[in-house]
Amino acid sequence: MLNQSVQYIKGIGPKRAEMLSRLGIKTIHDALSYFPREYEDRKVPLKIALASAGKKAIILAKVELSEQIQLGKNLSAFKACLSDGSGIIFAVFFRKSSPYYKHDIFSSLKRDFVKGKKVLVYGQVEINFGKKEINAEEYEPVADETKLGELIHFNRIVPVYPLTEGISQKWFREFMYHAVDSSRHDWPEPCPESIKKAMNFKNAKETLMSIHFPKELSDIEPARKRLAFDEFLLLETALAIVKERNNKNFKERKYPVKKSLLTPFREKLGFEFTASQKKVINEIFSDMQKTTPMNRLLMGDVGSGKTVVALSAVLLAIENGYQAVFLAPTEILAEQHFLTVNNMLKGLNINTALLTGRANRAKKEKRSIKEDLSLGRTNLIIGTHALIEEDVKFKDLGLIVIDEQHRFGVMQRAEIHIKSKNPDVLVMTATPIPRTLALTLYGDLDISVIDELPPGRQPVKTMHLKDFQSYNLVKDEIKKGHQAYIVYPLIEESDKIELKAAVKEADYLSKTVFQDYKVGLLHGQMPAGIKDKIMLDFRDKKYDILISTTVIEVGIDVANATVMVIEHAERFGLATLHQLRGRVGRGKDKSFCFLIGEPKSEDSIRRINVLVNNASGFAIAEEDLSLRGPGEFFGTMQHGLPPFKAGKIVYDAPVIEQAKDAAQKIIKEDPGLINHENLVLRIEMLSLYKDKFALSNIG
Ligand code: ADP
Ligand code: MG
């Protein structure tokens, strides 16, 4: 059985099992789904005469003679002269040696490289003092040339696995060969027979051999896709069930558009909605007016104006007598939203409240906020996920807005539903995702996209500078009446040492370079009241510069701020940098983003260049993708889902579509997955997604 320990495989004892567990391989199933990193074509030996320097080759030849050479105090070599009729080559094996070693480090080589015997050798060919050498990586004695077809490491395409130190390819390959050979027949296949037949699919278990020990290179990709289909089918089935469940829920709320709040709100804004915003608001309103609950994902780049769209939905709910929740990913963002929202709703006679762990330290205050909520006195509550966890009750919660979904696990999305019967849910994200991918990962949601920025926005000029250069440019902007952020982004808000260093640096800057300017300091460990005051003061231009040591990357909104200086930019991922940059360029004035730092790794240099050369989040995500496969953007996106082993979410859009169609068909015919042919699907799907999507009640 695949759930058994690898110790059930021939030759694996407790010690080796421990070694394998370092690769995350504990069960036989883990082993079978540990896929090769690449492959080497070792099918055809090369004639020695044709072997050329600098290339890897396989040589099948006869041993002529061999010798052992001491190269240094701790290094020895074993050299064997081989011939195959076309020429001669010297196979060289290097080994660490020591006069204190008791065993003969070359004993097995001496046994196998005996004059007249045949061997296969794999390695890099070199020319040394005019002689051909092969720097042997692997070899295999050939006892019987008619049985070449039975070899594991030669005469075939061999897999190369991602391994750690202490585990050799040869040993691991042999282990995998036995594991796959003996256990692949137990591989669970979630895909029901009828779908397999309709799609003309092979058995997934057969394709396991093609991934690990393919006959042809061209067998590999179809095999991977076949296994990927099954992986995606599990997710899509879970999503289809969630969607089906949502569609069966009826809400009693009615949403006639009264405009008693919406019209004054719109008039007070001071700008027109963009065409994109209007389209999206329409989609949201028509969802809310349906009898089934809304489950919609709103995607829009940083600064595209998602907040006012969400507020429009909030007002529609409040107009009709329902309560609304606005969830932010961090406390500081919740606080910031609270400020801007109150500002926008001024004069509309709406009761708002803020509830976060830090904002309401006093028990009494918390209690009264909760009381107001449960009695329906509060129309809109803004807070963090703490809102979900606490014993918060609503009188009549109609709408839930979740900002920056990528920060939340899928889990929380399921949990918040418990607070009300069939609430409408609007999830917002600035993480750009190609549409097909969004459909995979949020397949239970409908999708809206804001694909334009408000008029007059100019791309933020982004430069990689030395700190003093950027400080001078900051001063130029302040002289024009603008404001600046200087950010020392902390990797962890709780990292005390980093915080101290950042506070010190900020203090130093305010006393030296910027001593003639009004400098505010903001960090996450400050009490909420003080943070609010500093942010309000910054908005009211009481500071020229806001030095922030905290995570302000999403949400802060001060249009007069035109400079974002990011210190230690090399330490941060593309998504974070893009979000930080999004804090400027929010008004009509030309804005700047200065990246300071000394990137050393290739990766950090690349990240900075990508940011300098690209303005839109979608372009950055694509760069990220084309340069090294799914990077940070897609990493955050996958948050909350199990990693796909065969599936590559970024490249497999067509496979995902297929799996999605199949899943919908299956769920339509068998919503509870009780048919016999769907049994494996049911078991495997529940084991992965039961908790994530609160699926305990299926069937
Ligand atoms: P995000 O999508 O990043 O959450 P916000 O909702 O914070 O963006 O909006 C960014 C800024 O643009 C805010 O200052 C907001 O008031 C402003 N804004 C939003 N919509 C428009 C519009 N149609 N015209 C002009 N400014 C707008
Ligand atoms: Mg926002």
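Just follow the structure's listing: the first ligand is 1, and inside any ligand the first atom is 1. Along the sequence shown, residues carry numbers from 1.
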Does any N/O atom on K306 come nearer than 3.5 Å to any N/O atom on ligand 1? yes
Pairing of D424 and R253 as salt bridge, 4.0 angstrom limit: yes
Looking only at heavy atoms, is any part of H337 under 4.0 Å from ligand 1, and if so is it the side chain, the backbone, or both, or is it neither? neither
Do any N/O atoms on V308 end up under 3.5 angstrom from N/O atoms on ligand 1? no
Touching ligand 1 at all, A559? Heavy atoms, strictly under 4.0 Å? no
Over 12 foreign heavy atoms within 6.0 Å of CD, Q469: yes
I'd like to check which ligand 1 atoms, numbered from 1 as shown, lie under 4.0 Å from a non-hydrogen atom of S304. 2 (O), 8 (O)
Atoms in ligand 1 flagged as close to F273, the criterion being non-hydrogen separation under 4.0 Å: 23 (N)
Considering the heavy atoms of T307, write down every atom of ligand 1 situated less than 4.0 Å from one of them. 4 (O), 5 (P), 6 (O), 7 (O)
With heavy atoms of V302 as the reference, note each atom of ligand 1 found under 4.0 Å away. 3 (O)
Please enumerate all residues that pass salt bridge (Lys or Arg N to Asp or Glu O under 4.0 Å) together with K290, with sequence neighbours excluded. D287
Shortest non-hydrogen separation from S591 to G585 and the atoms involved: OG-N, 3.0 Å
Using a strict 4.0 Å cut-off to heavy atoms of T274, name the atoms of ligand 1 that fall inside it. 23 (N)
Please verify whether a non-hydrogen atom of Q579 lies at under 4.0 Å from ligand 1. no
A student checking ligand 1 against E272 at a 4.0 Å heavy-atom cut-off should list atoms 22 (C), 23 (N), 24 (N)
List in chain and number order the residues that pass salt bridge (Lys or Arg N to Asp or Glu O under 4.0 Å) with E319, two or more places apart in sequence or in another chain; answer none if no residue qualifies. none
Flag yes if more than 12 heavy atoms outside D540 fall under 6.0 Å of its CG atom; otherwise flag no. yes
Donor + acceptor pair across side chains of K346, N343 (<3.5 Å): yes
Looking just at side-chain N and O atoms, do T562 and D589 make a donor-acceptor pair shorter than 3.5 Å? no
Tell me which one of A310, P455, G300, G305 gets a heavy atom nearest to atom 9 (O) of ligand 1. G305
